[in-house]
There are 2 protein chains.
Amino acid sequence: MILNFNVENFVKDFEKYCHKVKKKEFAKNEVITTYIEKRNQFCILVNGNADLVRYDFNGNRTIIEHFSKNDIFGEVFYTVTTNNELLVEARNKCEVLIYSYNDIHNKCKNNCKFHQILSEHLPELILNKVTDLNMRVELLTKRSTRDKLLGYFSFLSKRNFNKTIVLPFSLTDLADYLSVDRSAMMREIRLLKEDGLIEKNGNIITLLYK
Amino acid sequence: MILNFNVENFVKDFEKYCHKVKKKEFAKNEVITTYIEKRNQFCILVNGNADLVRYDFNGNRTIIEHFSKNDIFGEVFYTVTTNNELLVEARNKCEVLIYSYNDIHNKCKNNCKFHQILSEHLPELILNKVTDLNMRVELLTKRSTRDKLLGYFSFLSKRNFNKTIVLPFSLTDLADYLSVDRSAMMREIRLLKEDGLIEKNGNIITLLYK
DNA sequence: GTTTTTCTGTTGCAAAAGCAACAAAATGGT
DNA sequence: ACCATTTTGTTGCTTTTGCAACAGAAAAAC
């Protein structure tokens with residue numbers, strides 16, 4: 001996420017600002033929060049990697065969003081419309097700032113700086129989510145696994161101004177993110193290599209076209 | 001879209017508020033705006049139906065969003081990440097309020113009421129887009145055409161508190177919205193009927209399960 | 001009210017994606 | 001350094017989806 005709002009600085013001295021905000025640690029695979037109970041949590045991932053994940057009734061797992069350092073998540077950014085479980089799971093050891101709010105739009109009773117800064121930047125933060133979501137819809141509406149892969153690779157490539165990209169998660173997770181079968185995706189990756197469109201070395205991919 | 005912000009009243013007296021805002025009419029199939037050129041348009045659909053549509057290189061058409069009376073669209077709500085054409089097309093005769101802004105977050109030089117109200121409600125409006133987008137991701141990540149159909153039907157059913165729903169567009173457009181092949185979708189609808197899960201009469205569908 | 005166009009519904013066939021299962025490689029934990 | 005677990009890569013087979021083509025129904029245009 002690219003922001004004018006400097007999350008890093010904001011997070012650094014959070015204790016100065018508001019004592020209602022807690023920093024918590026999570027081990028790998030721990031559930032950081034769920035989007036089903038209405039606990040109104042707003043979270044900042046200070047360190048580590050986490051995924052917003054949905055499990056459906058058929059046992060399929062879908063990665064809705066992937067979070068890394070300084071990413072922001074919580075129920076403000078996801079008005080739940082689903083019946084399925086929505087969990088944020090720690091991919092590895094995570095440090096998270098958690099703030100439970102009643103109404104994020106209204107000022108904190110203490111009128112503290114944390115909330116002041118937060119509500120000032122909320123539109124910007126939400127607009128960033130919109131950008132991510134639009135990208136995701138863009139990807140998911142592609143008709144074939146091949147186009148989803150190429151679409152995702154070229155998104156990462158453009159964002160980092162580099163034909164060589166490092167996948168932010170495992171191939172197993174990539175399949176869950178693109179919402180396709182893993183083995184079919186592996187087959188397609190092999191065909192992309194055979195067609196000379198990409199080179200692959202572990203989770204490092206180089207685009208050879210254009 | 002369900003809003004606290006009363007679009008209808010807001011729109012009614014827009015001339016009082018700001019002379020920079022223009023009302024335009026569009027005939028069926030006319031292009032209302034495109035999201036490629038950076039003209040920074042913010043639009044309110046006063047009357048009619050329109051779709052945000054993408055055409056990809058294979059000629060596939062995807063309906064990204066469907067707009068009806070009082071819906072709001074424009075580039076503020078869609079930070080473009082794509083190479084493809086993104087068009088808003090009038091489905092039938094449309095009346096649209098169009099406002100081209102430099103920076104919607106800053107106040108209008110005239111300090112007019114239009115912009116005051118607009119920027120007050122912008123977070124709310126954007127949050128509504130987020131809800132729509134999350135629903136869309138939810139749908140698109142479903143693995144089969146059947147699940148996409150059932151997911152969409154039950155979304156409409158829940159929203160209107162009714163087991164009987166009226167599809168907001170043609171079956172051809174529904175396929176473009178769910179991002180599946182039309183004939184395959186028709187086949188699946190037939191199977192849903194045969195399995196006794198739905199009843200169908202034109203574009204009126206009744207859910208028979210649960 | 002007639003013609004033209006779009007939409008619906010269906011089908012046979014081809015292509016793509018999903019499923020299940022397995023071995024090898026890599027990773028993580030202790 | 002070892003063992004247990006997860007991930008990668010592959011394959012044969014099945015199921016689902018997409019494509020092309022067409023006829024009838026409905027809607028729009030004139």
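Note that the coordinates shown come from a computational prediction; the quantities given were computed from them, not determined experimentally. Reminder, nothing fancy here: chain letters follow the sequence lines and each chain counts from 1.
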Check: Can you tell which of A:Thr172, A:Leu174, A:Leu167 makes a side chain to side chain contact (heavy atoms under 4.5 Å, CB included) with A:Ser170?
Finding: A:Thr172
Checklist line | Side-chain heavy atoms of A:Asn203 within contact of A:Leu171, under 4.5 Å | finding: no
Check: For B:Glu199, which residues count as a salt bridge (Lys or Arg N to Asp or Glu O under 4.0 Å) partner, sequence neighbours excluded?
Finding: none
Margin query: So B:Phe169 and B:His66, do their side chains get closer than 4.5 Å, heavy atoms only?
Written below: yes
Next item on the list: Would you kindly give the CG-to-P distance between A:Leu167 and D:dG9, to the nearest whole Å?
Entry: 11 Å
Notebook entry, point to check: Nearest-Å distance, CE (B:Met186) to C1' (D:dC22)?
Noted result: 14 Å
Next item on the list: Could you identify which residues of residues 190-208 of chain B place a heavy atom less than 4.0 Å from some atom of DNA chain C, listed by residue number, or say none?
Entry: B:Arg190, B:Lys200
Item checked: Within-4.5 Å side-chain heavy-atom neighbours: A:Leu87 and A:Thr34 -> yes
Margin query: Would B:Arg91 and B:Phe67 count as a cation-pi pair here, with the cationic atom under 6.0 angstrom from the ring centre and within 45° of the axis?
Written below: no
Margin query: Set out, in order, the CA-CA distance, both residues' side-chain angles and the distance that settles salt bridge (charged side-chain N to carboxylate O under 4.0 Å, His left out) for B:Arg54 and A:Glu138, then state yes or no.
Written below: CA-CA 9 Å; B:Arg54 187 192 70 206; A:Glu138 194 93 76; 2.7 Å; yes
Next item on the list: Find the distance A:Leu174:CG to D:dT6:P and express it as a whole number of Å.
Entry: 20 Å
Item checked: Inter-axis angle, terminal five-pair segments of the helix from C:dG1-D:dC30 to C:dT30-D:dA1 [nearest 10°] -> 80°
Next item on the list: Using a 4.0 Å heavy-atom cut-off, write out nucleotides 12-24 of chain C from 5' to 3' as B (base contacted by protein), S (sugar-phosphate only) or - (no contact).
Entry: B----BBBBB---
Item checked: B:Lys69 (side chain) donor-acceptor with B:Asp71 (main chain) under 3.5 angstrom -> no
Notebook entry, point to check: With B:Asp181, which residues qualify under side-chain hydrogen bond (donor to acceptor under 3.5 Å, both in side chains), at least two apart?
Noted result: B:Ser183
Check: Going 5' to 3' along nucleotides 25-30 of chain C, which nucleotides have protein heavy atoms under 4.0 Å from the base (write B), which only from the sugar-phosphate (write S), and which from neither (write -)?
Finding: ------
Notebook entry, point to check: Any side-chain heavy atom of A:Phe73 sitting closer than 4.5 Å to one from A:Leu52?
Noted result: no
Margin query: For a 4.5 angstrom cut-off between non-hydrogen side-chain atoms, does A:Glu89 reach A:Phe26?
Written below: no
Next item on the list: May I ask you to test the B:Asn47-B:Lys93 pair for a side-chain heavy-atom distance under 4.5 Å?
Entry: no
Next item on the list: Let me see the working for B:Lys129 and B:Glu65 under salt bridge (charged side-chain N to carboxylate O under 4.0 Å, His left out), right down to the final yes or no.
Entry: CA-CA 10 Å; B:Lys129 287 286 174 193; B:Glu65 280 186 89; 3.2 Å; yes
Item checked: Value in whole Å for how far the C1' atom of D:dT17 lies from NZ of B:Lys142 -> 19 Å
Margin query: Distance check needed: D:dT6 P versus A:Glu89 CD, whole Å only.
Written below: 13 Å
Check: What is the distance, rounded to the nearest whole Å, between atom CZ of A:Phe169 and atom P of D:dT8?
Finding: 12 Å
Notebook entry, point to check: Which whole-number value in Å describes the distance from B:Ile189 CD1 to D:dG18 P?
Noted result: 13 Å
